[in-house]
**Student:** 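Quick one: the structure is below, and I'll ask about it shortly.
These numbers come from a predicted model, not from an experiment. Here is how names work: the chains are called A, B, and so on, in the same order as the sequence lines, proteins then strands, and each is numbered from 1.
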Amino acid sequence: MPELPEVEVVRRGLEAHVVGHTIADVEVLHPRAVRRHLPGSIDLAGRLEGQSVVSAERRGKYLWLVLEPSSVAIVVHLGMSGQMLVQDPTVPDEKHLRIRARLESGIDLRFVDQRTFGGWALADLVTVDGTVVPDSVAHIARDPLDPRFDPDVVVKTLRSKQTEIKRALLDQTVVSGVGNIYADEALWRAEIHGNRPTDKLSGPRLRRLLDAARDVMTEALDQGGTSFDALYVNVNGQSGYFDRSLDAYGQEDLPCRRCGSPIRREKFMNRSSYSCPRCQPRPRLVRG
DNA sequence: TATATCTCCTGCGGGC
DNA sequence: TGCCCGCAGGAGATAT
């Protein structure tokens, strides 16, 4: 499940293998993969052909390729199961191949996506808060690995909200790049239960939580990301190793590495949350 | 306006 | 063996 570290691994791969190349031909094999490109697949393919990729950028879980001479970007979201693969054209099509971009150098850039939650769309570039981003990404907050990420601003935003901390962590307009896995890991490190109201947490505790999110994602990036199955791979089809370092997510009934209590699993926002019952006690009163 | 819930999608595993 | 159902979850749409 691609979150920030996994998307950054893919971005680096695209920077190494795709930047500097020109797109010769584009084939959209599943319309849902371009549903966010409202003019449709024919428009997208036509506007990509002949364009050169000049950079690969990322904010949170969104990544984009900047194109010249049109000065637009292909915005890519991997969703739950999206993969950007650099392949030799002789490699047989993947079962869930959704988009193929053939480069003039003779290699394929393939978008493979089993669950079709991800997709490609073209977007104009705009300047927001001193940074150039696609207009479709303008509402996304800076992520903890962004050099211009300001934790004090995020703490202030969190303390002004009337919601639970895990819900706020997953809100990409507050802080981006955090998904279910790294939210649970950051909350475990900061010893905070995900149901705690954001406005009842002190500034230093929230700061500690953001530091934990940054640290866990940095460590995951160093190990090539987290993989539970073949759904997340880098551009060469290889998996990461951080799943072996997870302290909370997916660790149900295993002893907490800090206190030994069995990690519990709870339903939250229609998904699973993992936490230590002793290190991360539930709040006495939960809204709702 | 802010927050909460629903929906999309596919493959796997468990239960019957 | 085969069918059915629940689960996984990011983010936009819809509801409250």
**Student:** Between A:L63 (CG) and C:dA11 (P), how many Å, whole number?
**Tutor:** 12 Å
**Student:** Can you find a pair of side-chain heavy atoms, one from A:D88 and one from A:D108, that are under 4.5 Å apart?
**Tutor:** no
**Student:** A:R98 side chain: which of C:dG12, C:dA11, B:dT10 is closest?
**Tutor:** B:dT10
**Student:** Taking 4.0 angstrom as the limit, do A:E164 and A:R167 come out as a salt bridge?
**Tutor:** yes
**Student:** Return the minimal non-hydrogen interatomic distance between A:L221 and A:P5, and the atom names on each side.
**Tutor:** CD1-O, 3.6 Å
**Student:** With heavy atoms under 4.0 Å as the rule, sort A:H30 into base, sugar-phosphate or nothing.
**Tutor:** nothing
**Student:** Is A:R258 positioned over the aromatic face of A:W188, cation under 6.0 angstrom from the ring centre and no more than 45 degrees off axis?
**Tutor:** yes
**Student:** Any side-chain heavy atom of A:T131 sitting closer than 4.5 Å to one from A:R142?
**Tutor:** yes
**Student:** With the side chain counted from C-beta on, respond yes when A:R159 and A:T198 share a heavy-atom pair under 4.5 Å apart, and no when they do not.
**Tutor:** no
**Student:** Should the pair A:Y62 and A:H139 be assigned to parallel (<30°), tilted (30 to 60°) or perpendicular (>60°) ring geometry?
**Tutor:** perpendicular
**Student:** Do A:Q162 and A:D199 pair up side chain to side chain, a donor and an acceptor below 3.5 Å, judged on atom types alone?
**Tutor:** yes
**Student:** In whole angstroms, how far is the C1' atom of B:dT3 from the CG atom of A:D199?
**Tutor:** 13 Å
**Student:** Please state how far atom CD1 in A:I181 lies from atom C1' in C:dG10, giving the value in whole angstrom units.
**Tutor:** 12 Å
**Student:** What nucleotide among B:dT5, B:dT10, C:dG10 has an atom nearest to a side-chain atom of A:H96?
**Tutor:** B:dT10
**Student:** Give a yes/no answer on whether the side chain of A:T163 brings an N or O atom under 4.0 Å of OP1 or OP2 in B:dA4.
**Tutor:** yes
**Student:** Which sits closer to the 5' end of DNA chain B, A:M269 or A:R32, going by the nucleotide each is nearest to?
**Tutor:** A:M269
**Student:** Measuring to OP1 and OP2 of B:dT5, would you say a side-chain N or O of A:R167 lies under 4.0 angstrom away?
**Tutor:** yes
**Student:** Over how many whole Å does the gap from A:H77 atom NE2 to C:dG12 atom C1' extend?
**Tutor:** 11 Å
**Student:** Return the value, rounded to whole Å, for the distance between atom CG of A:L97 and atom P of B:dT10.
**Tutor:** 15 Å
**Student:** Would you indicate which nucleotide in C:dG12, B:dA4, B:dT3 comes nearest to any side-chain atom of A:K161?
**Tutor:** B:dT3
**Student:** Give the rounded distance in Å between these two atoms: CG of A:D171 and P of B:dA2.
**Tutor:** 11 Å
**Student:** Taking only side-chain nitrogens and oxygens of A:Q172, does any of them come within less than 4.0 Å of OP1 or OP2 of C:dA11?
**Tutor:** yes
**Student:** Please write out the pairs of protein N or O atoms and N or O atoms of nucleotides 14-16 of chain C separated by less than 3.5 Å, giving the distance to one decimal.
**Tutor:**
none

**Student:** Is A:Y62 touching bases, backbone alone, or none of the nucleic acid, heavy atoms closer than 4.0 Å?
**Tutor:** sugar-phosphate
**Student:** Side-chain donor-acceptor pair under 3.5 Å between A:S273 and A:K166, yes or no?
**Tutor:** yes
**Student:** Enumerate the protein-to-nucleotides 4-8 of chain C contacts in which both atoms are nitrogen or oxygen and the separation is below 3.5 Å.
**Tutor:**
from, atom 1, to, atom 2, distance (Å)
C:dA8, OP1, A:R265, NH1, 2.5
C:dA8, OP1, A:S272, OG, 2.5
C:dA8, OP2, A:K267, NZ, 2.8
C:dA8, OP2, A:S272, OG, 3.4
C:dA8, O3', A:Y249, OH, 3.3
C:dA8, N3, A:R115, NH1, 3.4

